[in-house]
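Read the numbers this way: they start at 1 and go in the same order the structure lists the ligands and their atoms. Computed from a predicted structure; not experimentally measured.
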Amino acid sequence: MKGICILGATGSIGVSTLDVVARHPDLYKVIALTANNNIDLLFEQCLQHRPKVVVVVDADKADSFKAKLQNSDIADIKVLSGAAALEEVAVLVEVDSVMAAIVGAAGLLPTLAAAKVGKTILLANKEALVMSGAIFLKAVTDSGADLLPIDSEHNAIFQCMPAGYRTGIHAKTARRILLTASGGPFREMPIEKMADVTPAQAVAHPNWDMGKKISVDSATMMNKGLEMIEACLLFNMAPEQIEVVIHPQSVIHSMVDYVDGTVLAQMGNPDMRVPIAHAMAWPDRFESGVEPLNIFDVKRMDFEKPDLQRFPCLRLAYEAIAAGGIMPTVLNAANEIAVDAFLNERVRFTDIPVIIERTMHKFKATPADTLDIILETDQQARVISREIAAELAH
Ligand code: NAD
Ligand code: MG
């Protein structure tokens with residue numbers, strides 16, 4: 001029996017994780033759940049899963065949540081609030097596995113805390129890894145933690161790696177990774193129309209049902225940029241060894257090309273419960289609740305090279321990793337601010353890469369040796385990109 005802590009339980013990944021947990025009550029017990037402010041959903045989750053402790057980051061919402069619990073038969077659940085409490089629950093002794101499913105940089109500190117004490121990390125929160133790179137991987141190596149990718153592409157790559165493979169290690173016989181991308185909703189839209197894209201259009205992803213931020217990232221293809229950096233880190237490969245392939249059907253979730261010419265692909269229906277169940281059962285397998293892939297429904301599979309003119313965010317991610325040092329931290333922070341400004345209709349869709357590029361130009365790629373440097377860079381990049389977004393605001 002393993003104890004699990006779900007950071008970001010009320011999000012898209014959190015909900016899918018609890019769906020998988022509910023199918024395996026003999027193998028997983030929920031110890032801790034965290035939410036930013038969605039206390040209604042958190043309450044339902046508590047009724048079903050009976051965690052020992054929950055974190056509601058927002059203090060007022062945490063008070064409302066406590067009041068809600070008082071008149072219920074789950075009044076014994078401990079309620080904490082504030083960002084520091086996320087770290088506290090991620091390292092509890094009863095916790096074996098931590099699902100890192102908070103969106104953005106807010107997930108870094110609790111995920112890193114869990115890695116440092118050797119918890120099994122189920123990593124959905126790619127931003128945490130991209131912004132902290134080597135520091136995160138060192139925490140994992142030093143503690144001997146298992147780091148298992150939840151991002152569907154990275155989970156696919158992990159599954160295509162040689163037997164006994166562990167993340168962070170360079171697999172010598174693997175010469176290339178083919179990182180697939182759906183291309184998002186605007187793959188075929190005339191480029192001049194992209195300036196008028198609305199948040200509602202951008203979050204309507206053709207194949208995956210996800211949180212708003214990652215949906216916008218998929219539409220700009222920054223998601224693939226972040227994933228390319230994530231792949232370099234998780235699989236210890238150079239950016240040149242990672243080829244982004246647009247595959248609009250999202251049946252293949254990524255591939256590994258070996259020195260003998262073998263290409264291994266992982267396929268399945270586009271449902272995050274597949275990678276979640278894989279990582280939770282690893283190195284075994286168990287049921288995820290996902291329908292079997294009907295191969296006859298897959299009429300065809302197409303593959304295209306991405307167009308960097310259409311998707312400047314992908315180019316910026318390649319530039320950030322080539323520059324190295326703090327630049328991926330800057331890229332990530334500026335993207336979070338730009339996406340937020342777009343979702344709040346302050347800037348246009350096409351302003352997103354402009355904000356990121358201008359922010360990157362304000363920084364030199366100095367070394368990212370310590371957590372303090374990373375956190376400071378993250379804050380500085382947010383201040384600068386907010387100013388740039390304000391200048392572009394319409
Ligand atoms: P979401 O927006 O649906 O959920 C985010 C969760 O994080 C919520 O539980 C929310 O309460 C919590 N949260 C938000 N801001 C917070 C803060 N400041 N402090 C503490 N908690 C906070 O997002 P999602 O789609 O579930 O994505 C979560 C992560 O997983 C992201 O990093 C995303 O890139 C990654 N991911 C998601 C998918 C997917 O299919 N949704 C696929 C691959 C990777
Ligand atoms: Mg992905």
I need the [X] [atom1] to [Y] [atom2] distance, nearest 0.5 Å.
X: L42; Y: N38; atom1: CG; atom2: CG; answer: 8.0 Å
X: R382; Y: N332; atom1: CZ; atom2: CG; answer: 7.0 Å
X: L41; Y: I39; atom1: CG; atom2: CD1; answer: 11.0 Å

So is N38 close enough to ligand 1, meaning a heavy atom under 4.0 angstrom away?
no

Any idea which atoms of ligand 1 are less than 4.0 Å away from a heavy-atom of [X]?
X: G8; value: 6 (C), 7 (O), 9 (O)
X: M272; value: 40 (O), 42 (C), 43 (C)
X: A106; value: 17 (C), 18 (N), 19 (N)
X: A124; value: 30 (O), 32 (O), 35 (C), 36 (N), 44 (C)
X: V57; value: 20 (C)

Is there a side-chain contact between [X] and [Y], using heavy atoms and a 4.5 Å cut-off?
X: I295; Y: M267; value: yes
X: F235; Y: H154; value: yes
X: V274; Y: Q266; value: yes
X: L343; Y: K212; value: yes
X: T111; Y: L108; value: no

Checking one value in my table: which N/O/S atom of [X] lies closest to the Mg ion (ligand 2)?
X: E227; answer: OE2
X: E153; answer: OE1
X: D151; answer: OD1

Should one rank P149, S218, A101, S16 by closest heavy-atom distance to atom 6 (C) of ligand 1, which comes out on top?
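Minimum heavy-atom distance to atom 6 (C) of ligand 1 goes to A101.
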
Minimum-distance pair of heavy atoms, taken over all atoms of L316 and P353:
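Heavy-atom minimum between the residues: CD1-O, 3.5 Å.
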
Minimum heavy-atom distance C46-I77, with the two atoms named
CB-CD1, 3.8 Å

Suppose we measure from [atom] to each protein heavy atom; which comes out shortest, and what is that distance?
atom: atom 2 (O) of ligand 1; answer: G211 CA, 3.9 Å
atom: atom 5 (C) of ligand 1; answer: V103 CG1, 3.7 Å
atom: atom 34 (O) of ligand 1; answer: K126 CE, 3.2 Å
atom: atom 41 (N) of ligand 1; answer: S12 OG, 3.1 Å
atom: atom 33 (C) of ligand 1; answer: I214 CD1, 3.9 Å
atom: atom 29 (C) of ligand 1; answer: I102 O, 3.8 Å
atom: atom 9 (O) of ligand 1; answer: T10 OG1, 2.8 Å
atom: atom 38 (C) of ligand 1; answer: I13 CD1, 3.5 Å

Do K224 and E153 pass the side chain to side chain contact (heavy atoms under 4.5 Å, CB included) test, and can you show the C-alpha distance, the side-chain angles, and the key distance before you say yes or no?
CA-CA 10 Å; K224 216 46 57 177; E153 297 76 6; 2.9 Å; yes

When you compare ligand 1 with [X], is there at least one nitrogen or oxygen pair between them that comes in under 3.5 angstrom?
X: N37; value: no
X: A35; value: no
X: E127; value: yes
X: G11; value: yes
X: N36; value: yes
X: D151; value: no

Mind checking whether H24 and F286 have ring centres under 6.0 Å apart?
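Here the rings of F286 and H24 have centres that are less than 6.0 Å from each other.
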
Output field: ring centroids F349/F186 closer than 6.0 Å:
yes

Using the side chain to side chain contact (heavy atoms under 4.5 Å, CB included) rule, take E227 and E230 through it: C-alpha gap first, then chi angles, then the decisive distance, then the call.
CA-CA 5 Å; E227 289 186 0; E230 182 185 13; 3.9 Å; yes

Region of M210 engaging ligand 1 - heavy atom pairs below 4.0 Å
both

With a 4.0 Å heavy-atom cut-off (strictly under), which part of N125 contacts ligand 1: side chain, backbone, both or neither?
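Under 4.0 Å from ligand 1, N125 contributes backbone and side-chain atoms.
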
Taking atom types as modelled and ignoring hydrogens, do the side chains of N335 and D217 form a donor-acceptor contact shorter than 3.5 angstrom?
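Yes, D217 and N335 have a side-chain donor paired with an acceptor closer than 3.5 Å.
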
